[in-house]
Amino acid sequence: MAEGGGSTVTTSRYMTGSPQMFTDWDGLMDDLFHNKDISELIDSPIESSSGIASDSPTWHRPPSSSNSSLSTYKLRSSSPDTDEARSNRMNPGYASSSSSNEMFFEAGQLGRHPVYSSIAASSFGSCSPLTPPPPHQWRDSPYDLKRQKNDSRGMSIKCLPDEAMLNILSYLPTNHLCRCARVCSRWYNLVWEPSLWTRIQINDENINIDKALRFLLRRLSEDTPHVCLNLKSMNLKQCVRLSDKGLHLIAKRCPELTHLELNGCSNISNMALSQVVSNCTNIQHLNVTGCVSITSISLTPEALTQANQANGSLSKQILLRLLDLTDCPLLDDSGMQIIASYCSQLQYIYLRRCTKITDDGIHYLANSCNMLRELSVSDCRKVSDYGLRGLSKLELNLRYLSVAKCDKVSDLGIKYIAKHCRKLRYLNVRGCEAVSDESIESLAQNCSRMRSLDLGKCDVTDDGLFMIASHCSQLKKLSVKSCDAITDAGVLAVAKGCKHLQHLNIQDCHLSSEAYRAIKKQLKRCIIEHTNPGFY
């Protein structure tokens, strides 16, 4: 089906058993970028007052002498033919029905007040001004009550200035913005305002994302040939069909990119990612969680050649601040060595479930990335106390460390961290059964400003909790889940000493109901996780 000068209407498909409509993105992009004659789009006389645009690309004005499409309310006259009724029929704002004693009022002809507002007057263009009925005719009338109830519906979205429209559109995701461009010529021009396109977010596993990016980036670079200078952030999570072609296009068209999210894009390779970080020299945030083919991140040979010609060591660096390599199972120590050498400015790196990483990879990071503040090696079971000894070189910079389920970590490694990294605020040693009260005592004494501590399944007793209660008064989150050796006394000491606790996990701990009630009384604003069915 086609409307408005041959514009192709995107085919919509429906999910079986669901009335919700899903737009065919491929057809949508084709419609947006292959119809260059924007004059075919006309201002819609029935734009939705809620601001949600229809998927239809164009609207035709109805064959009427009036330019408005205002709703009509029906009122029944109280008497067949009175002086008041005749006066109302003489008023241009009313129209009588020849077949019955009914009167019709066009809602749009009056503003929010009996005196016509300038907005209502402007919506009629060259129409002659209307005289409102006397105030007593409005008082307690059925229309007056209905008008007050539905007052917000009298304002058309067409009356909003461009600044307000741009503010509304700025909250829409990319696919909704593209649909809005199909409403009318005004919306088309507003949607492609460069200020709205500092960020692209497309999270759809079914979309042909390479094609969508090609069309989008081509349109966004019309005013600045070949590049999208305003685009800073791109979120393509779960776009599983993204390939190296899409990344090559990003590298070519988006030189000012600073944030890139590629979670779950399992088809991309090292080569394409290297091209992105080489061409997008301002990139600071890169998330490649679940990109199972990634083994390292480095500059391309061409970028290295240019850096050598510039004779500057800084030009050989990738200025990443945050790198998330969670669930990249092929990443090993040699890949970590390459990453550490090129990304020495890293402050946040997450290596959860990168099971090939060993202590050597941790040492590469600690030696090259001396600004590192946050590190997670959860489930990296080859990391041991030797790796934590290397991390202790970071000293006062390290604030966040997770070694959850690294069962080779013991009291010795935690003591290294506690002795040198005194500004540590978050520590997760859940599942490290060789961690006991000995290292917890050292941690409490040296890192007294600790905010979050997870000791789940560790060999911790009441003695360790007494030390935490005595020294870590600013603690906000604590987990002692499945710590069998703790009793009522230890948990009550924490409740009394750590007044700022917001979250306490005591699941699978052998505590009495009296202890639960005492904790709840002490920590009234704390979320308590427990497994005691007798405690409410």
Side-chain angles (χ1 to χ4, degrees), residues 242-244 247-248 250-251 260-281 283-304 307 313 316-384 386-391 393-394 398 400-406 408-409:
L242 180 69
S243 70
D244 287 353
L247 282 187
H248 290 323
I250 292 172
L260 182 59
E261 303 270 353
L262 301 174
N263 308 41
C265 301
S266 56
N267 294 321
I268 62 176
S269 68
N270 291 342
M271 181 183 65
L273 201 59
S274 296
Q275 192 169 18
V276 170
V277 297
S278 298
N279 290 9
C280 306
T281 55
I283 194 163
Q284 298 182 11
H285 179 121
L286 179 61
N287 190 334
V288 289
T289 296
C291 299
V292 294
S293 299
I294 299 300
T295 60
S296 67
I297 298 173
S298 63
L299 294 172
T300 61
E302 295 79 9
L304 284 174
S313 58
K316 297 180 182 180
Q317 287 293 306
I318 301 171
L319 302 181
L320 279 174
R321 297 291 186 271
L322 184 149
L323 178 59
D324 196 339
L325 291 159
T326 298
D327 293 319
C328 293
L330 298 182
L331 179 66
D332 57 13
D333 291 339
S334 60
M336 283 306 308
Q337 184 177 17
I338 295 172
I339 291 173
S341 62
Y342 283 106
C343 306
S344 62
Q345 307 298 310
L346 274 175
Q347 296 181 12
Y348 312 89
I349 185 167
Y350 307 100
L351 305 170
R352 306 178 187 95
R353 294 178 292 280
C354 295
T355 54
K356 290 188 175 183
I357 298 295
T358 71
D359 293 333
D360 291 337
I362 303 302
H363 277 267
Y364 292 139
L365 274 178
N367 292 332
S368 299
C369 307
N370 51 22
M371 298 172 62
L372 200 63
R373 294 169 60 90
E374 295 190 7
L375 171 66
S376 176
V377 288
S378 300
D379 293 281
C380 297
R381 298 181 181 272
K382 294 182 180 180
V383 174
S384 68
Y386 178 65
L388 296 193
R389 181 179 180 180
L391 282 179
K393 298 177 183 178
L394 298 174
L398 190 65
Y400 173 111
L401 176 63
S402 176
V403 289
K405 299 183 181 179
C406 296
K408 291 184 179 180
V409 171

Residue set satisfying side-chain hydrogen bond (donor to acceptor under 3.5 Å, both in side chains) with Asp379, at least two apart, ordered chain then number -> none
Pairwise side-chain contact, Arg321 with Met371, heavy-atom cut-off 4.5 Å (strictly under): no
Can you measure from CZ (Arg353) to OG1 (Thr289) and round to the nearest 0.5 angstrom? 8.5 Å
Please table the atom pairs, donor to acceptor, closer than 3.5 Å between any side-chain atom in residues 273-280 and protein atoms at least two apart or in another chain.
from: Ser274; atom 1: OG; to: Asn270; atom 2: O; distance (Å): 2.9
from: Ser274; atom 1: OG; to: Ser298; atom 2: O; distance (Å): 3.0
from: Gln275; atom 1: OE1; to: His248; atom 2: ND1; distance (Å): 2.1
from: Ser278; atom 1: OG; to: Ser274; atom 2: O; distance (Å): 2.7
from: Ser278; atom 1: OG; to: Thr300; atom 2: N; distance (Å): 3.0
from: Asn279; atom 1: ND2; to: Ala251; atom 2: O; distance (Å): 3.4

Of all heavy-atom pairs linking Ser368 and Ala340, the shortest is CB-O, 3.4 Å
Quick check: does any side chain N or O of Asp244 sit under 3.5 Å from a backbone N or O of Ser269, one acting as donor and the other as acceptor? yes
Is Gln347 close to Glu374 at the side-chain level, that is, under 4.5 Å between some pair of heavy atoms? no
Closest non-hydrogen atom pair between Cys291 and Cys265, with its separation: SG-O, 3.3 Å
Which atom pair, heavy atoms only, marks the closest approach of Arg373 to Leu398? O-CD1, 3.6 Å
At what distance, to the nearest 0.5 angstrom, does CG of Leu331 lie from CE of Met336? 6.0 Å
What closest approach, in Å, do Ile357 and Lys382 show between heavy atoms, and which atom pair accounts for it? O-CB, 3.4 Å
Is there a side-chain contact between Leu375 and Leu351 in this structure, where contact means two heavy atoms from C-beta onward sitting under 4.5 Å apart? yes
So, does Gln317 use its side chain to make a donor-acceptor pair with the main chain of Ser341 at under 3.5 Å? yes
In the structure I gave you, are the side-chain heavy atoms of Thr281 and Leu319 within less than 4.5 Å of one another anywhere? no
Look up atom CG in Leu365 and atom CD in Gln337, then write down how far apart they are to the nearest 0.5 Å. 11.0 Å
Rounded at 0.5 Å granularity, tell me how far CD1 in Ile294 sits from CD1 in Ile339. 9.0 Å
Heavy atoms from other residues, nucleotides or ligands near OH of Tyr348 exceed 12 (cutoff 6.0 Å): yes
Identify the two heavy atoms, one from Leu330 and one from Val292, that lie closest to each other, and give their separation to 0.1 Å. CD1-O, 3.3 Å
I'd like to check Ile297 versus Ile338 (side-chain heavy atoms, cut-off strictly below 4.5 Å). Are they in contact? no
The reported gap from CD1 in Ile349 to CG in Leu320 (rounded to nearest 0.5 angstrom) is 9.5 Å
Begin from the C-alpha positions of Leu247 and Leu262 and carry the test side-chain contact (heavy atoms from CB on, under 4.5 Å) through to its verdict. CA-CA 10 Å; Leu247 282 187; Leu262 301 174; 4.0 Å; yes
Nearest-0.5 Å distance, CG of residue Asp359 to NZ of residue Lys408: 8.0 Å
Take Asp332 and Thr295 through the test side-chain contact (heavy atoms from CB on, under 4.5 Å) and record every step on the way to the result. CA-CA 7 Å; Asp332 57 13; Thr295 60; 5.8 Å; no
Which atoms form the tightest heavy-atom contact between Val383 and Ile362, and what is the distance? CG2-CG1, 4.1 Å
Residues passing the ring pair (Phe, Tyr, Trp, His ring centres under 6.0 Å) test with Tyr342, sequence neighbours excluded, are none
